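Both backbone and side-chain heavy atoms feed into the values below; hydrogens, waters and symmetry mates do not. Source: prediction; values computed, not measured.
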Amino acid sequence: MLDLIILSLHFFICFLISFAIWRGPKDVDLHSSSTGTVETEPDGLILIGKEDDIKKSRRTTAKVNGREVVVFYHEGKFHAMDSRCYHEGGPLRLGEIEDINGQACIVCPWHKYKITLETGEGLYEAINPLEPSPTLQWQSKGVKQRIHKVTIDNGNVYVSPPDLSVSFDSDYFADKYKNGGDLAMEE
């Protein structure tokens with residue numbers, strides 16, 4: 001009988017956790033219209049939303065020149081990057097943020113790829129087999145994810161349009177998902 005009670009309690013707790021995750025903070029596609037346009041300021045910056053709103057939600061998504069961008073607020077700083085993971089296009093807006101060697105990283109929910117919020121570098125763990133006692137250490141794959149400059153002005157959060165003269169691995173999926181393509185941003 002005690003086993004049945006424990007099992008029932010386990011299922012109830014799992015249900016509550018699933019419900020909490022399902023009802024968790026939702027990202028909003030701020031200022032997007034059906035054409036994928038956003039409010040552009042005269043200096044070229046693109047208005048994403050109110051600073052206080054993004055601080056509360058911790059993240060939001062928006063279309064910037066037709067491409068999905070996610071803006072994170074983490075430990076007092078705003079970060080923006082292409083919203084689709086450079087590896088397979090996973091929705092980074094749904095990922096968890098982890099601290100790896102003092103760097104805030106978003107973890108892709110699909111394949112657990114780790115990307116620094118500050119630079120867009122892909123990180124992985126590896127060992128050097130030539131060391132006497134090899135241990136796992138975090139290594140950089142280089143910058144893989146396009147990051148976007150964030151500007152705060154008068155309580156508003158702005159993102160600079162991407163400089164497309166330089167390419168990044170994430171550009172492939174940014175283009176694939178662009179303007180509601182075959183893999184459009186799901187709610």
**Asked** Under 3.5 Å, side chain of Thr116 to main-chain N/O of Glu121, donor-acceptor pair present?
**Response** yes
**Prompt:** How far does OG of Ser57 sit from CG of Asp52, to the nearest 0.5 angstrom?
**Reply:** 11.0 Å
**Request:** Please tell me if the side chains of His74 and Arg58 come closer than 4.5 Å, counting only heavy atoms from C-beta onward.
**Result:** no
**Prompt:** Parallel under 30°, tilted from 30 to 60°, perpendicular over 60°: which one fits the rings of Tyr113 and His87?
**Reply:** parallel
**Prompt:** About how many Å separate CG of Leu117 and CZ of Phe78, when rounded to the nearest 0.5 Å?
**Reply:** 13.0 Å
**Asp53, Ile54, Thr60 screened by side chain to side chain contact (heavy atoms under 4.5 Å, CB included) with Val157, the one that passes** = Ile54
**Request:** With the side chain counted from C-beta on, respond yes when Pro91 and Pro109 share a heavy-atom pair under 4.5 Å apart, and no when they do not.
**Result:** yes
**Asked** Does Lys141 reach the main-chain N or O of Gln139 with its side chain, forming a donor-acceptor pair under 3.5 Å?
**Response** no
**Prompt:** Going by heavy atoms in the side chains, are Gln103 and Leu123 under 4.5 Å from each other?
**Reply:** yes
**Prompt:** Would you say Glu68 and Thr61 make side-chain contact, with heavy atoms under 4.5 Å?
**Reply:** no
**Message:** Treating Ser170 as the side-chain partner and Arg146 as the backbone partner, does any N or O pair qualify as donor plus acceptor under 3.5 Å?
**Reply:** yes
**Prompt:** Less than 4.5 Å apart, any side-chain heavy atom of Asn65 and any of Pro161?
**Reply:** yes
**Asked** Would Val159 and Leu45 count as a side chain to side chain contact (heavy atoms under 4.5 Å, CB included) if you check the C-alpha gap in whole Å, the side-chain angles of each, and the deciding distance to 0.1 Å?
**Response** CA-CA 6 Å; Val159 170; Leu45 295 177; over 6 Å; no
**Prompt:** Stepwise, does the side chain to side chain contact (heavy atoms under 4.5 Å, CB included) test hold for Tyr158 with Ile48?
**Reply:** CA-CA 5 Å; Tyr158 299 89; Ile48 301 300; 5.8 Å; no
**Request:** Measure the SG-NZ distance between Cys85 and Lys112 for me, rounded to the nearest 0.5 Å.
**Result:** 11.0 Å
**Prompt:** Passes side-chain hydrogen bond (donor to acceptor under 3.5 Å, both in side chains), Asp153 versus Thr151? Steps please.
**Reply:** CA-CA 6 Å; Asp153 185 38; Thr151 304; over 6 Å; no
**Asked** Under a 4.5 Å cut-off applied to non-hydrogen side-chain atoms, are Cys105 and Asp99 in contact?
**Response** no
**Item:** Leu92-Ile147 co-clustered via ILVMFWY side chain contacts under 4.5 Å
**Value:** yes
**Request:** Inspect the contact between Glu118 and Lys77 and indicate whether a charged nitrogen and a carboxylate oxygen are less than 4.0 angstrom apart.
**Result:** yes
**Message:** Let me check something: do Ile115 and Ile100 share a hydrophobic cluster, defined by ILVMFWY side-chain heavy atoms less than 4.5 Å apart, either directly or through other members?
**Reply:** no
**Message:** With clusters defined by side-chain heavy atoms of hydrophobic residues (ILVMFWY) lying less than 4.5 Å apart, directly or transitively, does Ile97 cluster with Tyr86?
**Reply:** yes
**Prompt:** Run the side chain to side chain contact (heavy atoms under 4.5 Å, CB included) check on Ile127 and Gln137 step by step: do they pass?
**Reply:** CA-CA 6 Å; Ile127 61 169; Gln137 295 181 0; over 6 Å; no
**Item:** Any donor-acceptor N/O pair, Asp82 side chain to Arg84 backbone, under 3.5 Å
**Value:** no
**Asked** To the nearest 0.5 Å, how far apart are OG1 in Thr119 and NZ in Lys144?
**Response** 12.5 Å
**Request:** Using a cut-off of 6.0 Å, state whether more than 12 heavy atoms not belonging to Glu131 lie near its atom CD.
**Result:** yes
**Message:** Same cluster or not: Phe173 versus Trp110, using hydrophobic residues (I, L, V, M, F, W, Y) connected whenever any side-chain heavy atoms lie under 4.5 Å apart?
**Reply:** yes
**Message:** Using a 3.5 Å distance criterion without hydrogens, assess whether the side chain of Glu51 forms a donor-acceptor pair with backbone atoms of Asn156.
**Reply:** no
**Item:** Min side-chain heavy-atom separation Arg67-Tyr177 under 4.5 Å
**Value:** no
**Item:** Same cluster (ILVMFWY, side-chain, under 4.5 Å), Phe168 and Val64
**Value:** no
**Asked** Do other residues, nucleotides or ligands put more than 12 heavy atoms under 6.0 Å from the OH atom of Tyr124?
**Response** yes
**Request:** Mark yes or no for whether Arg59, through its side chain, and Phe72, through its backbone, hold a donor-acceptor pair below 3.5 Å.
**Result:** no
**Message:** Is the shortest side-chain heavy-atom distance between Val70 and Met81 below 4.5 Å?
**Reply:** yes
